[in-house]
Amino acid sequence: MSSSYSLATLALLATFAALAMPGRVSADPVPELTLKTAGDREWPEGVEANLRTLIDLGRYPCRPGPGQKALIQRQVRDNSRAALQALGFYQPTLDPQWSDADEERCFALTLTVDPGEPTRISALDITLNGDAADDPAFQGTIDNAGLEQGQRLRHDRYSRLKQSLQQLLINRGYAEGALTRHRLEVDRDRREARVVLQVDSGPRYHFGDITLTGDDQINERLRRAYLQFDSGEPFSNDKLLATQQAYLGAGYFSAVRLDRGEPDADSQTIDVGIHFNPRNEWALLAGVGVSTDTGPRLRLGVENRRVNAAGHTARVETELSSVRQGVGAGYTIPLRDPINEKIELRTRYVNEETDTSESEIFSTSADYIIKLDSDWVATTSLEYLRETYTVADQLDQVELVIPGFQLSRVEYDDPIYPRFGWRLGGKVRGAHKTLASSASFTQFDGWGKLIFPLFNGRVITRGEVGYTEVSDVTELPASIRFFAGGDASVRGFAYESLGPMDNDGEVIGGRHLLVGSLEYDHPISEQWSLAVFTDAGNAFNNFDDYEIRHSAGFGVRWRSPLGPIRVDFARGIEEGRQWRLHLSMGPDLWSAPC
């Protein structure tokens, strides 16, 4: 004998009602629930949690009267059966044991459960009619619903599939579509269930007219370039949301409202209206930070978000720290595909003094930046660099015209504190004396970083490799030579304190670089974690004369809204080497270079 669809629905609604019920926040004692399985067998997946959720003794009085006791026992039985039916167990055996309250504690209930044999899906009768039959989104949703013949019945999965199919009809423009049949037929005696779903979608509507209003300070061509769909394309709510995010990410608008028009049955189209609220044209920029390499640092600047109707932007910034002081300006020009393609013009003046070198740098550059279909970002650049520098006893000035090319990509599950993510990149650049440069060189720099979960913590590993083809490293300015040591390099050593030395024992930097790190951080609370790590590497001139330097240490991390703040203690693994403090901050996958 088959039960009606309403019985299955009641079981599912009872479960959802319990899940939606707010929990009690109270210091008062509450009744205690102990759940056991017959014969101490393992609980089937999800059963124990669903029983606890639906029984919820915390909503009952601590010391019920005789009439209340009978009511509670009846409700516990009813809710237990509903919780088990929602997960496919229609013939359970329940054995509740009541313990009365006393002066020190509330009443307690021990419930021994034998779920019995589960009800399994005997047939899936799912039909797609109309244009949805050829839409892979529908079949993909069905395939991933977790409903398969022979599998234990799960009411929640059936309900999610039904809701997902209905939502797909709305999201993908099936304005005439409906879920015309939806039944869950359960045969209690045979422990079998049949899923019946029929979608009659009708035709898929298309995007109609697209109207842009609210901000004419940006020209029509640029505003339409951010659209992620065209008139005549099949309708998609996902493309609407992607368009809204593209406009907000452009930086020109403070708010973007998308209005979906009424479906037109004659043309089978849906019009879209997009209304913009412009941001202020001018903005002040300010930022503070601190690291052991540079000490406290301050950034101040001003930005013009709309230089003209073509969407050009400009900014001027200054940076102040004990190691580096500088001022720079940038000008950005969006191109035909403004989300993925732009030109950046930059100029800067920087005065930098480290333990190993002093530099006065003036540079100006042009970068063509494009995001490829593979999500890699390619940057083609041309830079003019004039640098006056002192390294050891060498005082010199160079002028270089440096063409370059860079590829990079970043993936993560969270931009601020990723549990899994990676960053990979490489750049090649060079100069030649025949092209208005005072030195000739070719240089490659590659970097990578990988973060993955382990034992409820994270493993963070990074590496960098650099190679320079040059006849004499002393022809290169300090900013182009390789050094190692510091917060983002080999901890336990001072910033840029590792590399080849001259005859007086002073570090002068090298042609090549190899650096690697392995770190594990483990959370001790929601915002704090402890870390242990080891770093290794050095800068050098010849691969057959490479002296690797090792370090190890430990640290603490505080998860701030702007990214982890790291306090590390590290020492070189050498006799007599002292512990060194390292302080850094910022998201894990955005610290340069790796």
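Basis for what follows: all heavy atoms, side chains included, without hydrogens, waters or symmetry-related copies.
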If we count only N and O atoms by modelled type, under 3.5 Å, do the side chains of [X] and [Y] hold a donor and an acceptor together?
X    : Y    : answer
Q228 : T243 : no
Q527 : R559 : no
R580 : T292 : no
T379 : D367 : no

Does [X] reach the main-chain N or O of [Y] with its side chain, forming a donor-acceptor pair under 3.5 Å?
X    : Y    : value
K162 : R157 : no
E303 : W282 : no
D293 : D487 : yes

Are [X] and [Y] close enough for a salt bridge, meaning some N to O gap below 4.0 Å?
X    : Y    : result
D156 : R154 : yes
D114 : R41  : yes
R409 : E411 : yes

Exercise. Could you tell me how the ring of W98 sits relative to the ring of F107: parallel (under 30°), tilted (30 to 60°) or perpendicular (over 60°)?
Key: parallel
Quiz item: According to the interplanar angle, ranging from 0 to 90°, do the rings of H512 and Y467 count as parallel (below 30°), tilted (30 to 60°) or perpendicular (above 60°)?
Solution: parallel
pair [X]-[Y]: side-chain heavy atoms closer than 4.5 Å:
X    : Y    : result
R571 : F493 : no
L530 : F554 : no
N538 : V490 : no

Quiz prompt | Test ring pair (Phe, Tyr, Trp, His ring centres under 6.0 Å) applied to F540 and Y546, step by step | solution = CA-CA 6 Å; F540 56 100; Y546 172 47; 4.4 Å; yes
Quiz item: Which heavy-atom pair separates R458 from I460 by the least distance, and what is that distance?
Solution: NH2-CD1, 3.6 Å
